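Just so it is clear, the structure is predicted and the values come from calculations on it, not from any experiment.
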Amino acid sequence: MSSTWKNKIEITIFGESHGKAIGVVLGNLPSGIKLDMEEVAKEMKRRAPGQNKMSTARKEADKVEIMSGIQDDIITGAPLCAMIYNSDQHSKDYSLLKEKMRPGHSDYPAFVKYKGFNDVRGGGHFSGRITAPIVFAGAVAKQILAQKGIYVGAHILSIKNKYDDYFDMRLSYDTLKYLKGQQYPVLNQAVYDQFVEIIDQARMNQDSVGGKIECAVVGLEAGLGEPFFDSIESHLSSLLFSIPAVKSVAFGNDLISEMYGSEANDCYYYDGDVVKTKTNNNGGITGGISNGMPIVFNVGIKPTPSISKPQETIDIKNHQNTILEIHGRHDPCIVFRATVVVEAMAALTILDLVR
């Protein structure tokens with residue numbers, strides 16, 4: 001089972017949802033950078049479970065313990081290893097899932113691939129729980145990028161079929177700063193309560209919903225990235241699709257495929273000595289290379305597969321069709337807690353580009 005992403009920087013994740021601990025090792029980070037650990041803790045809290053009825057009832061503080069790579073809050077250059085100890089596992093809730101496969105979950109393909117030895121408790125290594133150390137890694141990456149004048153931010157674009165406003169494609173840091181002040185960021189505050197209502201209704205019906213997250217990177221200069229295999233889109237997508245439940249990634253204007261070329265093309269102009277574009281339908285990337293405009297993309301996240309409604313499935317022990325009712329603690333919607341995870345993956349990708 002692979003657990004390492006490697007280019008200029010290295011990211012290795014380890015652990016399982018109901019194991020003793022989860023964590024991440026970051027290699028090839030720049031040394032000598034002082035981290036604000038209070039800011040890291042704030043980022044961790046954005047993803048932490050058990051904070052309200054929109055997330056799983058599992059209580060985890062997600063307190064990070066640094067094992068190596070940081071001394072006096074300064075990055076030393078050695079591999080940065082961080083661990084998060086699990087403390088609230090209800091493993092007995094998953095005993096049935098060794099035999100009955102959850103629809104929409106990793107259970108069946110993982111059973112085949114790992115010959116039934118995979119850990120099904122909470123999804124094991126397939127669990128969204130493993131994104132907690134990714135959020136830590138992203139918090140580190142964000143602080144390094146900020147010293148270069150590069151900022152990453154995101155908002156909840158949609159829950160089910162209800163949408164927030166889209167980013168102004170020529171957005172500035174001010175927009176991202178506004179979003180940073182919110183636990184679950186939205187651009188239009190009036191839509192937030194509607195999001196909560198949709199999620200709560202799904203929860204009461206023993207069901208779940210999905211949605212989209214829109215993310216932006218501002219301050220990235222033109223000329224970064226490569227065409228074809230090493231495009232910015234390729235690198236971003238490889239990490240974004242690593243987030244459990246992500247099913248789509250789209251760059252720039254969602255409707256660009258429906259436009260004429262005369263509408264889709266982003267026309268250049270000089271703003272003093274700075275080259276800008278009058279629109280940003282391509283999301284700040286053309287030819288796989290940054291063009292100096294904000295990088296904008298959105299990520300589609302499917303509904304949580306673990307729901308309490310009776311569902312048709314298979315019993316692999318007895319080789320027969322059966323009905324499964326899932327018990328335990330599960331998010332009725334992943335999107336709220338996943339926003340900071342998307343930001344983290346974007347920050348790690350951009351750090352890799354500018355390292």
Hey, does the side chain of [X] reach the backbone of [Y] with a donor-acceptor pair shorter than 3.5 angstrom?
X    : Y    : answer
D315 : K317 : yes
R170 : T277 : yes
D164 : N188 : yes
K302 : P244 : no
T76  : A78  : yes
S158 : K212 : yes
N318 : Q320 : no
S127 : S17  : no
D200 : V196 : no
S231 : S234 : yes

Among pairs that include at least one residue of residues 137-146, which meet side chain to side chain donor-acceptor pair (under 3.5 Å), considering only residues two or more places apart or in two chains?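 Non-adjacent pairs meeting side chain to side chain donor-acceptor pair (under 3.5 Å): E43-K142, K142-E343.
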Suppose the criterion is side chain to side chain donor-acceptor pair (under 3.5 Å): which pairs have a residue in residues 280-290, not counting sequence neighbours?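 Side chain to side chain donor-acceptor pair (under 3.5 Å) check on residues 280-290 returns N253-N281, D266-N282.
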So E325 and Q311, side-chain hydrogen bond (donor to acceptor under 3.5 Å, both in side chains) or not? Walk me through it. CA-CA 7 Å; E325 292 183 46; Q311 299 179 90; over 6 Å; no
Take a 6.0 Å sphere around [atom1] of [X] and say whether it holds more than 12 heavy atoms from other residues, nucleotides or ligands.
X    : atom1 : value
E263 : CD    : yes
Q189 : CD    : yes
Y269 : OH    : yes
K180 : NZ    : no

Side-chain touch [X]/[Y], heavy atoms, less than 4.5 angstrom:
X    : Y    : answer
I295 : L236 : yes
F14  : V24  : no
I199 : I159 : yes
N7   : D230 : no
F126 : D107 : no
L80  : F136 : yes
K148 : V354 : yes
T313 : Y108 : no

Is [X] salt-bridged to [Y], cutoff N-O under 4.0 Å?
X    : Y    : result
E197 : K162 : no
D352 : R355 : no
K276 : D271 : yes
D62  : R129 : yes

Side chains of [X] and [Y], donor plus acceptor under 3.5 Å:
X    : Y    : answer
W5   : S238 : yes
D119 : H125 : no
K309 : Q206 : no

Are [Y] and [X] connected in a single hydrophobic cluster, I mean Ile/Leu/Val/Met/Phe/Trp/Tyr linked by side-chain heavy atoms less than 4.5 Å apart?
X    : Y    : answer
L353 : M293 : no
I213 : F241 : yes
V340 : V217 : yes
I22  : V341 : yes
I144 : I66  : yes

Heavy atoms only: give me the nearest [X]-[Y] pair and the separation to one decimal.
X    : Y    : value
P185 : A154 : CG-O, 3.3 Å
P79  : S68  : O-OG, 2.8 Å
I11  : I134 : CG2-CD1, 4.3 Å
V209 : K160 : CG1-CD, 3.9 Å
G23  : P133 : C-CB, 3.5 Å
A82  : V64  : CB-CG1, 3.6 Å

Could you identify which residues cluster with [X], counting Ile, Leu, Val, Met, Phe, Trp and Tyr as linked when any side-chain heavy atoms lie under 4.5 Å apart, either directly or through a chain of such contacts?
X    : result
I323 : none
L171 : Y151, F167, M169, Y173, L176, Y178, L179, L187, V218, V296
Y268 : Y270, V275

Nearest-0.5 Å distance that lies between atom [atom1] in [X] and atom [atom2] in [Y]:
X    : Y    : atom1 : atom2 : result
F195 : Y192 : CZ    : OH    : 10.5 Å
R102 : L324 : CZ    : CG    : 8.5 Å
Y85  : M83  : OH    : CE    : 4.0 Å
E233 : I289 : CD    : CD1   : 10.0 Å
I198 : C333 : CD1   : SG    : 9.5 Å
K98  : F111 : NZ    : CZ    : 8.5 Å

Between K100 and T322, is a side chain to side chain contact (heavy atoms under 4.5 Å, CB included) present by the stated rule, with each step listed? CA-CA 8 Å; K100 293 186 178 182; T322 188; 3.7 Å; yes
Apply the salt bridge (Lys or Arg N to Asp or Glu O under 4.0 Å) test between D331 and each candidate in R47, R337, R203; give the one that qualifies.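 Testing each of R47, R337, R203 against D331, the sole residue satisfying salt bridge (Lys or Arg N to Asp or Glu O under 4.0 Å) is R337.
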Evaluate the criterion side chain to side chain contact (heavy atoms under 4.5 Å, CB included) for residue pair C215 and V152; output intermediate values, then yes/no. CA-CA 7 Å; C215 187; V152 180; 3.9 Å; yes
Determine the interplanar angle of the F251 and F297 rings, folded into 0 to 90°, and report it as parallel if under 30°, tilted if 30 to 60°, perpendicular if over 60°.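 It falls in the tilted class, 30° to 60°.
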Name each donor-acceptor pair under 3.5 Å that joins a side chain in residues 25-35 to protein atoms two or more places apart or in another chain, with its distance.
from, atom 1, to, atom 2, distance (Å)
N28, ND2, K8, O, 3.1
K34, NZ, D72, O, 3.4

